[in-house]
Amino acid sequence: VKHKNHTDIDELPASLEESVIVFILIRCIRLINGDGHKHCTMMVNVSRFNSVQSAVSGKIHQYLTKVSDEIRLRSRSILGEKSSEILQQMHNIFEREFVDKSRGEKTPDWSSMKLILLKAVSTIKVQIVNMKGGGIEYDKHKETGLHVIAVGGLALSRGLTLEGLCVSYIPRNPSAYDTLMQMGRWF
């Protein structure tokens, strides 16, 4: 939570990796439901420093590539899925977050999700949104929708509209409840 400008980012926290997987699963569900052409955004607001935002953006891009490669190589076979830590994690998160256990329904089911994973992940882009990186140009993607993980800091807190916001990742010091309450307007 506390860090300085130019802090080295060795790896992403497990919670951020899980949030990226949730975003991919949401993209799958939207594709299956016929909403794949609509804008879909994940917000990552981890630092006010541009250097840290850039490093986190790069790590998210690397992780997204790793997930995409794993899906491409292993999602089409049962044996491949069982040997893939990432696909097992995706399945577990899907079961935990998207299955209504009270009714026992899986809508859609995991086999349908697996078929669309590659299509869902292949359209996701990582973009820095700050004074240097600029804004998100939703207008240029009206037909296909823009599917973006927006990484930023203060620019994300200043009245920017994130269309189709599905996942927000905002680590905050618990004592900063006023900041968190103020940022609650995103929801």
Side-chain angles (χ1 to χ4, degrees), residues 1 3 5-31 35-75 84-87 89-90 93-94 97 113 116-172 183 186-187:
V1 173
H3 60 276
N5 200 4
H6 303 289
T7 296
D8 289 331
I9 307 296
D10 298 324
E11 60 184 15
L12 295 177
S15 58
L16 181 49
E17 289 181 353
E18 183 173 318
S19 296
V20 170
I21 287 175
V22 167
F23 184 64
I24 294 167
L25 294 173
I26 289 170
R27 282 281 307 130
C28 288
I29 292 168
R30 292 187 73 171
L31 282 164
D35 294 327
H37 63 284
K38 294 182 179 177
H39 301 309
C40 190
T41 307
M42 174 179 175
M43 174 181 64
V44 178
N45 186 339
V46 294
S47 177
R48 64 187 177 95
F49 300 116
N50 291 348
S51 64
V52 176
Q53 294 166 18
S54 180
V56 169
S57 175
K59 291 292 181 187
I60 292 172
H61 181 74
Q62 287 175 350
Y63 182 68
L64 205 54
T65 300
K66 178 181 172 181
V67 170
S68 179
D69 290 347
E70 196 72 8
I71 291 168
R72 185 176 289 106
L73 291 171
R74 301 181 189 267
S75 68
S84 169
E85 207 174 289
I86 289 174
L87 286 170
Q89 182 183 21
M90 290 182 100
I93 291 170
F94 173 74
E97 298 294 333
M113 295 286 285
I116 205 99
L117 278 172
L118 188 58
K119 184 176 183 180
V121 76
S122 66
T123 63
I124 297 172
K125 308 220 178 317
V126 182
Q127 182 177 342
I128 297 175
V129 179
N130 59 27
M131 298 308 164
K132 287 185 177 180
I136 301 173
E137 297 176 328
Y138 291 108
D139 290 344
K140 291 185 178 181
H141 302 274
K142 285 181 182 175
E143 298 296 316
T144 59
L146 184 61
H147 317 121
V148 64
I149 299 175
V151 180
L154 297 176
L156 292 174
S157 308
R158 301 289 188 255
L160 176 69
T161 299
L162 297 172
E163 296 189 30
L165 180 62
C166 301
V167 178
S168 298
Y169 186 85
I170 314 167
R172 286 289 182 258
M183 290 180 172
W186 285 317
F187 306 104

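Worth knowing before you read on, the calculation uses all heavy atoms, side chains too, and leaves out hydrogens, waters and symmetry mates. Position 1 is the first residue of the sequence, and the numbers go up from there. What you see is a predicted model; the values in this text were computed from it and never measured.
To the nearest 0.5 Å, the span separating OH on Tyr169 from CD1 on Ile149 amounts to 12.5 Å. Annotation: the span from Leu118 atom CG to Cys28 atom SG amounts to 9.5 Å, rounded to 0.5 Å. To the nearest 0.5 Å, the span separating CE on Met90 from CD on Glu85 amounts to 13.5 Å. Between atom CD1 of residue Ile24 and atom SG of residue Cys166 there is a gap of 12.5 Å, rounded to the nearest 0.5 Å. Residue Leu162 holds its CG atom at 5.5 Å from OG1 of Thr41, rounded to the nearest 0.5 Å. Put simply, CD1 on Ile29 and CE on Met113 are 4.5 Å apart, with the number rounded to the nearest 0.5 Å.
At a threshold of 4.5 Å between non-hydrogen side-chain atoms, the residues Glu97 and Leu25 do not count as touching. Between Val67 and Val20, every side-chain heavy-atom pair lies at or beyond the 4.5 Å cut-off. In this structure, Met42 and Ile124 have side chains that are not in contact, with every pair of non-hydrogen atoms separated by 4.5 Å or more. Residues Ile21 and Tyr63 have side chains in contact (heavy-atom distance under 4.5 Å, counting atoms from C-beta outward).
Of the possible polar contacts, none joining the Ser57 side chain to the Gln53 backbone as a donor-acceptor pair under 3.5 Å is found. A donor-acceptor contact shorter than 3.5 Å links the side chain of His39 to the backbone of Leu146. When atom types are taken as modelled, the side chain of Tyr138 and the backbone of Glu163 share a donor-acceptor pair closer than 3.5 angstrom. Side-chain atoms of Ser54 do not come within 3.5 Å of backbone N or O of Ser51 as any donor-acceptor pair.
Listed by chain and residue number, nothing satisfies the side-chain hydrogen bond (donor to acceptor under 3.5 Å, both in side chains) test with Glu11 (two or more places apart in sequence, or in another chain). Judged as a salt bridge (Lys or Arg N to Asp or Glu O under 4.0 Å), and not counting sequence neighbours, the contacts of Arg74 are Glu70.
Ion pair Asp69/Lys66 not flagged as a salt bridge, since none of the NZ, NE, NH1 or NH2 atoms sits closer than 4.0 Å to an Asp/Glu carboxylate oxygen.
More than 12 heavy atoms of other residues, nucleotides or ligands shown are found within 6.0 angstrom of NE2 on His141.
Summarising the geometry of Ser122 relative to Lys119, their closest heavy-atom pair is OG-O, 3.0 Å, with the distance given to 0.1 Å. The minimum heavy-atom distance linking Gly36 with His147 is given by the pair O-NE2, 3.0 Å.
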Worked check of side-chain contact (heavy atoms from CB on, under 4.5 Å) between Leu117 and Leu87: CA-CA 10 Å; Leu117 278 172; Leu87 286 170; 4.0 Å; yes

